[in-house]
Amino acid sequence: MGRKLLWLTGGVLAVFALLFGIYFLLLEIGGESARLRIKELWESTRNTLTHNGPLLFLAIAVLPGLILPVAPLLGLAGLWGGENGPWLSCLYCTLALFANLSWTYWLARGPARSLLSKLLARTRFHLPESTPGNMLEWAIILRLTPGVPFIFSNYGLGLLGMPFTQYLLVSLPILSFTGCGYVLAFAGIFGGEWKYLWTGACIIGVTVLLGRFVLKRKGKSAD
């Protein structure tokens, strides 16, 4: 199980490395003009999303599934929440994350698994036929490990065949809790409400500490 997760992790890191490589290559080729165009594109996107709530939360539901980072979108949700209500933004973020969790899981469980199985057919590697017995434990570890992109966990757990109900029961509370922490923190920054900033910062801090505790405990049990 651990080796399979390492291979999946390596694949996702390779995708991220490719995306960053393309980004820096564009900057290298285009120079200052390319940097300014990217900045203008970001400013335009930010203004469009923060003035159109439904489009913003649709972006949170869809774009992370395309291997785009979710943190900037959560920051924009915080900016939107500073003007329209931080807790309302948290609610919409939770619904958007639920949608993202669902469609990426079924994409991985169905078409992506079938395609990957065909690609691996001529190699010595293969996807497990049945769900590994310690899948629930690994799901909790992946969700709580700082720095692991949550979209990687979505696709990875779907590919490995984790039951959808277990997948949601583990994933949605953790991601919603963490996502709301970012939303509240940014809402506090942009809206000038310190109580939201401190609440969001505490939520993020608790998540990080809990993740480290789980990893430390896992490491001791492995020894």
Side-chain angles (χ1 to χ4, degrees), residues 8 11-12 15-16 19-20 23 41-116 139-140 142-187 189-191 196 200 203-204 207:
L8 287 172
V12 173
V15 172
F16 274 97
L19 292 174
F20 279 112
Y23 171 74
L41 179 61
W42 165 246
E43 293 289 341
S44 175
T45 302
R46 184 189 68 182
N47 291 332
T48 300
L49 293 179
T50 53
H51 289 88
N52 191 329
L55 187 60
L56 170 60
F57 295 105
L58 178 63
I60 294 174
V62 175
L63 293 183
L66 306 178
I67 320 295
L68 296 175
V70 71
L73 295 173
L74 294 177
L76 294 182
L79 177 58
W80 185 91
E83 299 177 356
N84 299 278
W87 294 111
L88 182 62
S89 183
C90 287
L91 173 61
Y92 289 156
C93 269
T94 299
L95 295 175
L97 290 172
F98 170 76
N100 184 275
L101 284 168
S102 299
W103 78 263
T104 53
Y105 171 90
W106 289 112
L107 176 64
R109 185 74 181 268
R113 181 180 174 86
S114 176
L115 177 61
L116 188 57
I140 295 173
L142 285 173
R143 291 305 188 193
L144 288 174
T145 301
V148 176
F150 86 91
I151 194 60
F152 152 66
S153 302
N154 294 8
Y155 288 132
L157 297 175
L159 285 171
L160 293 172
M162 184 178 189
F164 185 63
T165 302
Q166 283 189 2
Y167 165 84
L168 278 184
L169 288 176
V170 169
S171 304
L172 189 58
I174 295 175
L175 291 183
S176 298
F177 187 71
T178 308
C180 287
Y182 282 100
V183 170
L184 291 173
F186 280 105
I189 293 172
F190 294 126
Y196 293 124
I203 289 175
I204 296 170
T207 305

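One is the number of the first residue; the rest follow in order along the sequence.
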Asks: Any side-chain heavy-atom pair from L79 and I189 closer than 4.5 angstrom?
Replies: no
Asks: Pairs of donor and acceptor atoms involving the side chains of residues 60-75, under 3.5 Å and at least two apart or interchain, shall be tabulated with distances.
Replies:
none

Asks: Between CG of L91 and CG of L88, what distance do you get to the nearest 0.5 Å?
Replies: 6.0 Å
Asks: Does N84 have any side chain to side chain contact (heavy atoms under 4.5 Å, CB included) partners at least two apart in sequence or in another chain, and if so, which?
Replies: W80
Asks: Report the residues that fulfil side chain to side chain donor-acceptor pair (under 3.5 Å) with Y92, sequence neighbours left out, ordered by chain and then residue number.
Replies: none
Asks: Please report the C-alpha distance between Y182 and I203 in whole Å, then the side-chain angles of each, then the deciding distance to 0.1 Å, and finally whether the side-chain contact (heavy atoms from CB on, under 4.5 Å) criterion is met.
Replies: CA-CA 8 Å; Y182 282 100; I203 289 175; over 6 Å; no
Asks: Locate the shortest heavy-atom distance separating C90 from V183; write the atom from each residue and the value.
Replies: SG-CG1, 4.0 Å
Asks: Output a table of donor-acceptor pairs, distance under 3.5 Å, between side-chain atoms of residues 165-181 and any protein atom two or more places apart or on a different chain; print 'none' if there are none.
Replies:
| residue | atom | partner | partner atom | Å |
| --- | --- | --- | --- | --- |
| Y167 | OH | L101 | O | 2.9 |
| S171 | OG | R143 | NE | 3.0 |
| S171 | OG | R143 | NH2 | 2.9 |
| S171 | OG | Y167 | O | 2.6 |
| S176 | OG | L172 | O | 2.7 |
| T178 | OG1 | I174 | O | 2.9 |

Asks: Do F152 and L142 come close enough that some side-chain heavy atom pair is under 4.5 Å?
Replies: yes
Asks: How far does CG of L56 sit from CG of L49, to the nearest 0.5 angstrom?
Replies: 5.5 Å
Asks: Apply side chain to side chain donor-acceptor pair (under 3.5 Å) to S89 and list each qualifying residue two or more places apart in sequence or on a separate chain.
Replies: none
Asks: Listed by chain and number, what are the ring-ring contact (aromatic ring centres under 6.0 Å, His included) partners of W103, not counting sequence neighbours?
Replies: none
Asks: Do other residues, nucleotides or ligands put more than 12 heavy atoms under 6.0 Å from F57 CZ?
Replies: yes
Asks: Tell me whether the rings of W106 and F164 are parallel (<30°), tilted (30 to 60°) or perpendicular (>60°).
Replies: tilted
Asks: Identify the heavy atoms of R109 and G158 that sit nearest to each other, and give their distance.
Replies: CD-O, 3.4 Å
